[in-house]
Amino acid sequence: MTRTVIAQPLTAEAFAPFGDVLGVSGSPDKIINAGRCGRFHDRARLDFGPEGRAGISIFESKAVAFPVEVDLVERHPEGSQAFVSMTGHHFLVVAAPDEGGRPGTPQAFVAAVGQGINFHRGTWHGVLTPLHEPGLFAVIDRIGETPNLEEYRFETPYRVEPGPDVVEAGLIEAS
Ligand SMILES: NC(=O)N[C@@H](O)C(=O)O
Ligand code: NI
């Protein structure tokens, strides 16, 4: 028996318990480059712990299609982790609250073109899940020698389906 989770469009408000949405929202904090560029300054809470450092890695991942089965989530107790699409395609983001050291019911979001995410340190999340190929992402997270990964496998997998708003926004068709 699987349990269903309905994916919704990613918004900063809905994602706030889990991390930051990277994107242009509101007015730029600064106008730079001879007035040609708006800088949306310092929009994510990055954290790499006392023994780590910031790193940028490139992920080239296969894509998946709805319905997406989620049988495992993970968290990084020592650092935040950001996913930034390098192709502009939208992707699936899964996160779950912590309930006494275990993940609660996951929530699912679809990041639209122009949106990235940054999971705050210790947030339960599904691994990088592109919905289109090439699944090319820059991932900003902690580089360090000490462990930074805790995994949790659900006894009963979750089945993520696109919600009506996601379908209406055209976030499931190949772009
Ligand atoms: N393992 C790894 O580098 N990536 C995962 O943390 C992930 O969330 O995709
Ligand atoms: Ni991760």
Side-chain angles (χ1 to χ4, degrees), residues 5-49 52-66 68 70 73-76 78-97 106-143 160-175:
V5 168
I6 300 299
Q8 57 183 301
L10 178 68
T11 66
E13 297 74 22
F15 193 66
F18 308 114
D20 314 292
V21 173
L22 310 178
V24 292
S25 62
S27 304
D29 298 295
K30 298 178 182 177
I31 299 298
I32 57 174
N33 300 352
R36 193 172 63 200
C37 176
R39 178 173 172 140
F40 296 78
H41 183 69
D42 193 19
R43 293 298 180 96
R45 191 171 89 217
L46 302 185
D47 185 342
F48 305 107
R53 62 175 175 82
I56 299 180
S57 304
I58 306 301
F59 284 23
E60 185 174 31
S61 169
K62 292 213 175 299
V64 297
F66 285 115
V68 178
V70 175
V73 289
E74 60 172 43
R75 63 180 173 180
H76 307 296
E78 298 302 326
S80 56
Q81 186 173 55
F83 295 160
V84 181
S85 169
M86 295 175 77
T87 63
H89 285 134
H90 40 269
F91 60 102
L92 182 65
V93 180
V94 174
Q107 292 184 43
F109 309 89
V110 177
V113 172
Q115 287 185 314
I117 59 99
N118 175 59
F119 291 117
H120 290 160
R121 176 175 178 173
T123 298
W124 289 110
H125 61 276
V127 298
L128 177 69
T129 308
L131 292 170
H132 298 277
E133 288 183 3
L136 206 54
F137 287 73
V139 177
I140 301 92
D141 62 4
R142 175 192 183 264
I143 306 295
V160 181
E161 299 273 4
D165 295 344
V166 164
V167 174
E168 194 176 309
L171 292 178
I172 56 171
E173 296 308 319
S175 55

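Index from 1, following the sequence.
Residues passing the side-chain contact (heavy atoms from CB on, under 4.5 Å) test with Pro97, sequence neighbours excluded: Phe18, Glu99. The ring pair (Phe, Tyr, Trp, His ring centres under 6.0 Å) search around Phe137 returns Phe91, not counting sequence neighbours. Partners of Ser80 according to the side chain to side chain donor-acceptor pair (under 3.5 Å) rule, which considers only residues two or more places apart in sequence or in another chain, do not exist here. Every residue meeting the salt bridge (Lys or Arg N to Asp or Glu O under 4.0 Å) condition with Arg121, not counting sequence neighbours, appears here in chain and number order: Asp47, Glu78. Every residue meeting the side chain to side chain donor-acceptor pair (under 3.5 Å) condition with Glu161, not counting sequence neighbours, appears here in chain and number order: Arg159. By the salt bridge (Lys or Arg N to Asp or Glu O under 4.0 Å) test, Glu133 pairs with no residue at all, sequence neighbours left out. Under the side chain to side chain donor-acceptor pair (under 3.5 Å) criterion, Arg142 pairs with Thr146, sequence neighbours left out. Under the rule for a ring pair (Phe, Tyr, Trp, His ring centres under 6.0 Å), the partners of Phe119 that lie at least two apart in sequence or sit in another chain are Phe15, Phe83, His125. Residues satisfying the salt bridge (Lys or Arg N to Asp or Glu O under 4.0 Å) test with Glu74, not counting sequence neighbours, are none.
Checking side-chain atoms of His90 against main-chain N and O of Leu171 turns up a donor-acceptor pair under 3.5 Å.
When every heavy atom of Val166 is checked against every heavy atom of Ala7, the shortest pair comes out as CG2-O, 3.3 Å. Nearest heavy atom pair, residue Gly55 against residue Ile143, reads CA-CG1, 3.5 Å. Minimum interatomic distance between Pro106 and Ala96 (heavy atoms only, all atoms of both residues): CA-CB, 3.8 Å. Of all heavy-atom pairs spanning Ile6 and Gly163, the tightest one is CG2-CA, 3.2 Å. Nearest heavy-atom pair across Val73 and Gly126 is CG1-N, 4.1 Å. Residues Val127 and Thr129 share a closest heavy-atom pair of O-OG1, 2.6 Å.
Contact annotation: the side chain of Arg75 approaches that of Trp124 to within less than 4.5 Å [non-hydrogen atoms, C-beta and beyond]. Side chains of His76 and Asp141 form no contact here, defined as non-hydrogen atoms less than 4.5 Å apart.
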Which donor-acceptor pairs under 3.5 Å do the side chains of residues 36-43 make with protein atoms, sequence neighbours left out?
| residue | atom | partner | partner atom | Å |
| --- | --- | --- | --- | --- |
| Arg39 | NE | His41 | ND1 | 2.9 |
| Arg39 | NH2 | His41 | ND1 | 3.2 |
| Arg43 | NE | Asp29 | OD2 | 3.0 |
| Arg43 | NH1 | Ser25 | OG | 3.4 |
| Arg43 | NH2 | Asp29 | OD2 | 2.9 |

Show me, pair by pair, the donor-acceptor contacts under 3.5 angstrom made by side chains of residues 107-117, not counting sequence neighbours?
| residue | atom | partner | partner atom | Å |
| --- | --- | --- | --- | --- |
| Gln115 | OE1 | Ala112 | N | 2.8 |
| Gln115 | NE2 | Leu10 | O | 3.1 |

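Between the CG atom of Leu131 and the CZ atom of Phe66 there is a distance of 5.0 Å, given to the nearest 0.5 Å. The distance from the CG atom of Leu136 to the CD atom of Glu60 is 6.0 Å, given to the nearest 0.5 Å. Between Thr87 atom OG1 and His132 atom NE2 the span is 9.0 Å, to the nearest 0.5 Å.
In Ile56, the CD1 atom is not crowded: 12 or fewer heavy atoms of neighbouring residues, nucleotides or ligands sit closer than 6.0 Å.
For the side-chain hydrogen bond (donor to acceptor under 3.5 Å, both in side chains) condition, the pairs that include at least one residue of residues 8-23, sequence neighbours left out, are Asp20-Asn118, Asp20-His120.
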